[in-house]
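So that the names make sense, note that chain A is the first sequence line, chain B the second, and so on, each numbered from 1. Note: hydrogens, waters and symmetry copies are ignored here, and every other heavy atom, side chains too, is used.
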Protein chains: 2
Amino acid sequence: MRADAQRNRDKIVEVARAFFRAKGFDAVSMDEVAKGAEVGPGTLYRHFPTKESLYDAVLESWAEKVNAAVDRALSLNGSAREQLMTWLTDYAAMLTENKGAAARITAALGDPGSPFAGKCRTYVNANQRLIDGLDSALRPGVEAMQISRLVGGLAAVADNSELPPESVAPMLAVVADGLLAP
Amino acid sequence: MRADAQRNRDKIVEVARAFFRAKGFDAVSMDEVAKGAEVGPGTLYRHFPTKESLYDAVLESWAEKVNAAVDRALSLNGSAREQLMTWLTDYAAMLTENKGAAARITAALGDPGSPFAGKCRTYVNANQRLIDGLDSALRPGVEAMQISRLVGGLAAVADNSELPPESVAPMLAVVADGLLAP
DNA sequence: TGCCAAACGGAGAGTGTCTCCGTATAGTTC
DNA sequence: GAACTATACGGAGACACTCTCCGTTTGGCA
């Protein structure tokens, strides 16, 4: 990639990240990202053919954070319920940083053609590692995709309604207790 | 209301209902509803000032269905868990009829200014009646709004991914078990 | 039949995503 | 450092959508 192209790409992602964080996915237009990055719309669209692909690039480090959160939860010296709640709380908290991310990633679960397919795999794999780590503490037959959808749906609601963590916690507790073996 | 206005209004709602059911909220344009109902865009917008207000009119009978589903669940001769699962299953099933409804109604929870505010009240009240009906079988401190958000979020995911009922059932079971007293 | 408030409908404003293509430039070659 | 070419740029504008304004038509009543 040519040096000017790389410079522009970096600036676009940087500007877009700030805009998305401040206003959420829907409220940011591609035109304003282009203006903010001081490039033309054509340049923006050569680097990122759709608005969603730009969002995907903005969420680049998200995968690392998800994996780190699972590691943190599994390495805790506590009950399975505490480990589960730690992971769920961390995940829900991650989404307050990127308004609209929960809904989009959750909606893309099971759609390999989505720009977020990579993010989805990371997320489902994280839940699979959690299942493996918690071993027999969970109800039998529970699947990673089910946890992903349950928590993703709840996170999307919390994100959309801008619920404070203390309002989300009781709902996470319901999901956690439901996931633990009866 | 003048006779021609009433005729047009009825036809618009009828056409819109068919379109929304077939393609979902986002994929239907106001222009095609106007064309389908054989009226001009101006006429359409005098009857329904926004697309969401049109959707609200299409979902008119939804409130009755929700209340009927709660009644049905509470009148069952079964365990609290069976009653709960019956209601959750009925609610989730209701949404396959109107693609996009779950996400919109759930997103409007707690926003009195939304065109769906009336639908939200109905829905939260239904969950409150469920709580009152199931009495002490539920975990202490659980609130109607929490159930509304939990189930709404899950329903939105199921709707969006077009999950078959047998895929939704295990997730509903998790929520149900989580809601029942430990 | 004549009147007029009510309703109609379509052109178009405003806003968004995304494309096409003539122009400019980075990086290589002599 | 000049010429060359592949690469990248940027802006006009195509297209789709929601929603508005306003001149025209019509239903219902006196």
Side-chain angles (χ1 to χ4, degrees), chain A residues 1-20 22-59 99-101 103-104 107-108 111 113-116, chain B residues 1-20 22-59 99-101 103-104 107-108 111 113-116:
Chain A
M1 187 182 288
R2 239 166 65 173
D4 54 345
Q6 184 67 57
R7 248 196 326 273
N8 279 332
R9 190 187 190 285
D10 292 347
K11 185 151 190 198
I12 287 169
V13 172
E14 178 193 337
V15 167
R17 177 174 291 123
F19 280 4
F20 283 138
K23 313 204 289 178
F25 184 84
D26 289 333
V28 175
S29 81
M30 292 296 262
D31 265 20
E32 80 184 286
V33 171
K35 279 201 173 59
E38 295 173 309
V39 300
T43 300
L44 172 53
Y45 276 93
R46 191 167 339 89
H47 286 294
F48 304 101
T50 65
K51 190 178 176 182
E52 300 211 317
S53 69
L54 171 59
Y55 200 41
D56 185 62
V58 162
L59 294 178
K99 198 163 159 50
R104 269 157 214 287
D111 172 14
S114 161
F116 302 118
Chain B
M1 187 182 289
R2 240 166 64 173
D4 54 344
Q6 184 67 56
R7 248 195 327 272
N8 279 332
R9 191 186 189 285
D10 291 348
K11 186 153 189 195
I12 287 169
V13 172
E14 178 193 338
V15 167
R17 177 175 291 124
F19 280 4
F20 283 139
K23 312 204 288 179
F25 185 84
D26 289 332
V28 174
S29 81
M30 291 297 262
D31 264 21
E32 79 184 287
V33 171
K35 279 200 173 58
E38 296 173 308
V39 300
T43 299
L44 172 53
Y45 275 93
R46 191 166 338 89
H47 287 293
F48 304 101
T50 65
K51 190 177 176 183
E52 301 212 314
S53 69
L54 172 59
Y55 199 43
D56 186 61
V58 163
L59 295 178
K99 199 164 159 48
R104 268 157 214 287
D111 172 14
S114 160
F116 302 118

- When you check the phosphate oxygens OP1 and OP2 of D:dC19, does a side-chain N or O of B:Y45 lie under 4.0 Å from one of them? yes
- Task: Using a heavy-atom cut-off of under 4.0 Å over every strand shown, decide if B:V28 touches base, sugar-phosphate, or nothing.
- Result: sugar-phosphate
- Message: Using the salt bridge (charged side-chain N to carboxylate O under 4.0 Å, His left out) criterion, which residues pair with A:K35? Sequence neighbours excluded.
- Response: none
- Task: Identify, with sequence neighbours excluded, every residue that meets salt bridge (charged side-chain N to carboxylate O under 4.0 Å, His left out) alongside B:K99.
- Result: B:E162
- Query: Just how far, in rounded Å, is P of D:dT7 from CD of A:Q6?
  - Reply: 16 Å
- Using only side-chain N and O atoms of B:N8, determine if any of them is under 4.0 Å from OP1 or OP2 of C:dC8. yes
- Message: Between B:T43 and C:dA7, is there a contact of a side-chain N or O with OP1 or OP2 at under 4.0 Å?
- Response: no
- Interatomic distance where CG belongs to B:L44 and C1' belongs to D:dC19 [whole Å]: 10 Å
- Item | Nucleotide of C:dC18, C:dC8, D:dC9 approaching A:T50 most closely (side-chain heavy atoms) | C:dC18
- Calculate the interatomic distance between A:F48 atom CZ and C:dT17 atom C1'; express it in whole Å. 16 Å
- Query: Rounded to the nearest Å, what distance is computed from the NZ atom of residue A:K35 to the P atom of nucleotide D:dA12?
  - Reply: 10 Å
- Message: A:E32: which residues meet the side-chain hydrogen bond (donor to acceptor under 3.5 Å, both in side chains) condition with it, sequence neighbours left out?
- Response: A:K23
- Is the backbone of B:A101 close enough, under 3.5 Å, to the side chain of B:Y55 for a donor and an acceptor to pair up by distance? yes
- Return no unless some side-chain N or O of B:H47 is found under 4.0 Å from OP1 or OP2 of C:dA7. no
- Message: Less than 4.5 Å apart, side chain to side chain, heavy atoms only: is that true for B:L54 and B:M30?
- Response: yes
- A:R46 CZ to C:dC20 P, in whole Å, measures 13 Å
For residues 36-47 of chain B, please give each side-chain donor-acceptor pair under 3.5 Å, one per line with the distance, not counting sequence neighbours.
residue, atom, partner, partner atom, Å
B:E38, OE1, B:K11, NZ, 2.7

- Could you pick out which residue, B:V39 or A:K51, lies toward the 5' side of DNA chain C when each is mapped onto its nearest nucleotide? B:V39
- Query: If you look at every strand shown and take non-hydrogen atoms under 4.0 Å, does B:S29 touch a base, only sugar-phosphate, or nothing?
  - Reply: sugar-phosphate
Can you give me the N/O atom pairs linking the protein to nucleotides 13-16 of chain D at distances under 3.5 Å, or say none if there are none?
none

- For B:D56, the side-chain hydrogen bond (donor to acceptor under 3.5 Å, both in side chains) test, sequence neighbours excluded, returns B:K119
- Sorted by chain and number, sequence neighbours left out, salt bridge (charged side-chain N to carboxylate O under 4.0 Å, His left out) with A:D4 holds for A:R2
Short heteroatom pairs, N/O only, protein and nucleotides 26-30 of chain D, under 3.5 Å:
residue, atom, partner, partner atom, Å
D:dT26, O2, B:R2, NH1, 3.3
D:dG27, O4', B:R2, NE, 3.4
D:dG28, OP1, B:A3, N, 3.1

- Item | Set of side-chain hydrogen bond (donor to acceptor under 3.5 Å, both in side chains) partners for A:R104, sequence neighbours left out | A:D26, A:E52
